[in-house]
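We're numbering straight along the sequence, starting at 1. Start at 1 and go down the list; that is how both ligands and their atoms are numbered.
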Amino acid sequence: MTATTFAALPLAAPLQRVLQELQYTTPSPIQQQAIPILLEGRDLLGCAQTGTGKTASFALPILHSLQKNPTKAKTRSCRALVLAPTRELALQVGKSFATYGKYVPFRHTLIYGGVGQNPQVQAMQRGVDVLVACPGRLLDLVNQGHVDLSQVEFFVLDEVDRMLDMGFLRDVKRIVALLPAKRQSLFFSATLAPNIVELAHSILLDPTHVSITPETTTAEKIDQQLCFVNKESKRPLLEELLRSQAQAHTQKLTIVFSRTKHGANKLAKNLTAAGFPADAIHGNKSQAQREKALDRFKKGLTPVLVATDVAARGVDVKEVGLVINYDLPNEPEAYVHRIGRTARAGADGRAVSFCSEEELEYLRDIEKTIRMPIPAWTTHSWHEESIASRHQRGASSQTPHSQKTTQGNQRNRHSRHRRSPQAGR
Ligand code: AMP
């Protein structure tokens with residue numbers, strides 16, 4: 001049985017109260033599927049990305065259990081452990097627990113690197129109900145004897161695909177080895193590659209599978225466009241786009257993705273000089289700098305945020321109306337994550353990707369992964385037909401003969417006029 005309203009779910013009164021205050025009436029598909037399973041105490045293997053409401057899908061059942069069974073956490077221990085790949089995601093998840101658990105008497109804390117460890121050690125002294133942690137720093141503190149994982153009742157691995165991309169596999173395995181056998185485990189990943197499924201099955205016990213396919217979050221709600229452009233013309237094209245966005249008085253925020261930290265800094269500086277206030281976030285920025293930049297972005301003081309992939313994980317800002325891939329990502333999954341920064345929580349959004357000659361290979365991988373061609377936008381001032389043609393030739397040489405479209409159709413696909421910049425939202 002799936003509940004179509006939160007009121008129909010057997011969640012404790014303090015949670016129902018906060019959901020009413022937040023005006024969440026309808027559980028998202030992942031919440032509809034996952035919450036009843038988790039309330040039964042079963043393990044879960046969830047295929048879902050951020051923006052689908054997955055945080056509440058695990059935070060609500062955990063808070064429900066803490067409310068129903070309020071035993072005191074032991075010193076240096078936690079009752080629920082959530083592992084997140086980045087500080088930003090950890091902060092986001094911690095904030096969600098605080099929001100949803102507003103009326104539940106529970107203690108929570110965060111553990112992540114890049115900041116002094118003493119406040120984290122102190123916070124763990126008395127024990128906490130919920131610990132949200134990044135694997136590296138958590139293991140450091142465990143090894144120093146400041147954290148004890150033997151009392152974990154709920155174990156959540158969030159964004160496992162990203163965790164593995166970032167090289168955390170060994171750390172995750174070490175952490176799992178320290179957990180008690182009797183526990184409820186939840187595992188979330190945006191993709192389920194064979195190595196991820198293998199890891200899941202080594203951690204979960206007879207899990208229920210729940211899958212929210214990325215296609216529904218990417219293809220349906222996000223207006224995706226592709227610009228074939230020379231490397232040197234990317235800057236003027238970006239400015240053209242931002243100008244049309246400003247002219248349309250949309251008041252929406254824009255995230256621009258850059259492949260490198262240096263590129264992100266340079267872009268933010270140039271955009272600011274050109275009259276588009278921008279900030280950059282990336283791995284070389286301190287935690288305080290990143291938080292400040294995010295805060296200014298959310299308030300609309302710097303409506304353009306230039307980010308690298310790692311830094312943008314967990315950025316959850318509802319008003320992001322436009323995502324620009326200034327550089328295409330070299331991992332196709334990152335494309336799905338990036339464009340998922342827009343169209344959050346049911347809003348619709350637009351994602352424009354720039355592709356230069358050097359990036360055609362990345363584009364082919366992305367289109368293979370999302371199983372559709374990204375509609376080309378050919379009427380902007382910097383369109384480069386020679387790059388579009390090379391892409392067409394590459395695409396047709398990969399198409400099996402029986403499925404080959406006629407040359408006319410291929411051309412048509414790439415010259416489809418989607419939206420002029422002036423028509424921006
Ligand atoms: P997440 O996928 O957990 O990052 O959530 C994406 C956004 O959706 C967050 O801003 C949540 O606050 C919001 N959200 C989660 N569940 C619901 C819901 N059932 N109704 C409305 N908004 C929600």
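Here F188 has no heavy atoms under 4.0 Å from ligand 1, in either its backbone or its side chain. Only the backbone of T26 comes within 4.0 Å of ligand 1, judged by heavy-atom distances. With a heavy-atom cut-off of 4.0 Å, Q92 does not touch ligand 1 at all.
Near T55, with a cut-off below 4.0 Å to any heavy atom, the atoms of ligand 1 are 1 (P), 3 (O), 4 (O). Close approach of ligand 1 to T52 (heavy-atom distance below 4.0 Å) involves ligand atoms 2 (O). Near Y100, the atoms of ligand 1 lying under 4.0 angstrom from a non-hydrogen atom of the residue are 11 (C), 12 (O).
Aromatic ring pairs are classed by plane angle as parallel below 30°, tilted from 30° to 60° and perpendicular above 60°; the pair H380 and W377 is perpendicular.
Considering each of F58, F6, Y24, the one bringing a non-hydrogen atom nearest atom 20 (N) of ligand 1 is Y24.
With a 4.5 Å cut-off on side-chain heavy atoms, S189 and L157 do not count as touching.
For ligand 1, one of its N or O atoms has an N or O atom of G53 under 3.5 Å away.
Taking CD of E153 as the start and CD of Q184 as the end, the distance is 10.0 Å to the nearest 0.5 Å.
What you find for I339 and A351 is that their closest heavy atoms are CG2-CB, 3.5 Å.
For the salt bridge (Lys or Arg N to Asp or Glu O under 4.0 Å) test, no residue two or more places apart in sequence or in another chain qualifies with R126.
Ring centroid separation for the pair Y326 and F257 does not come in under the 6.0 Å cut-off.
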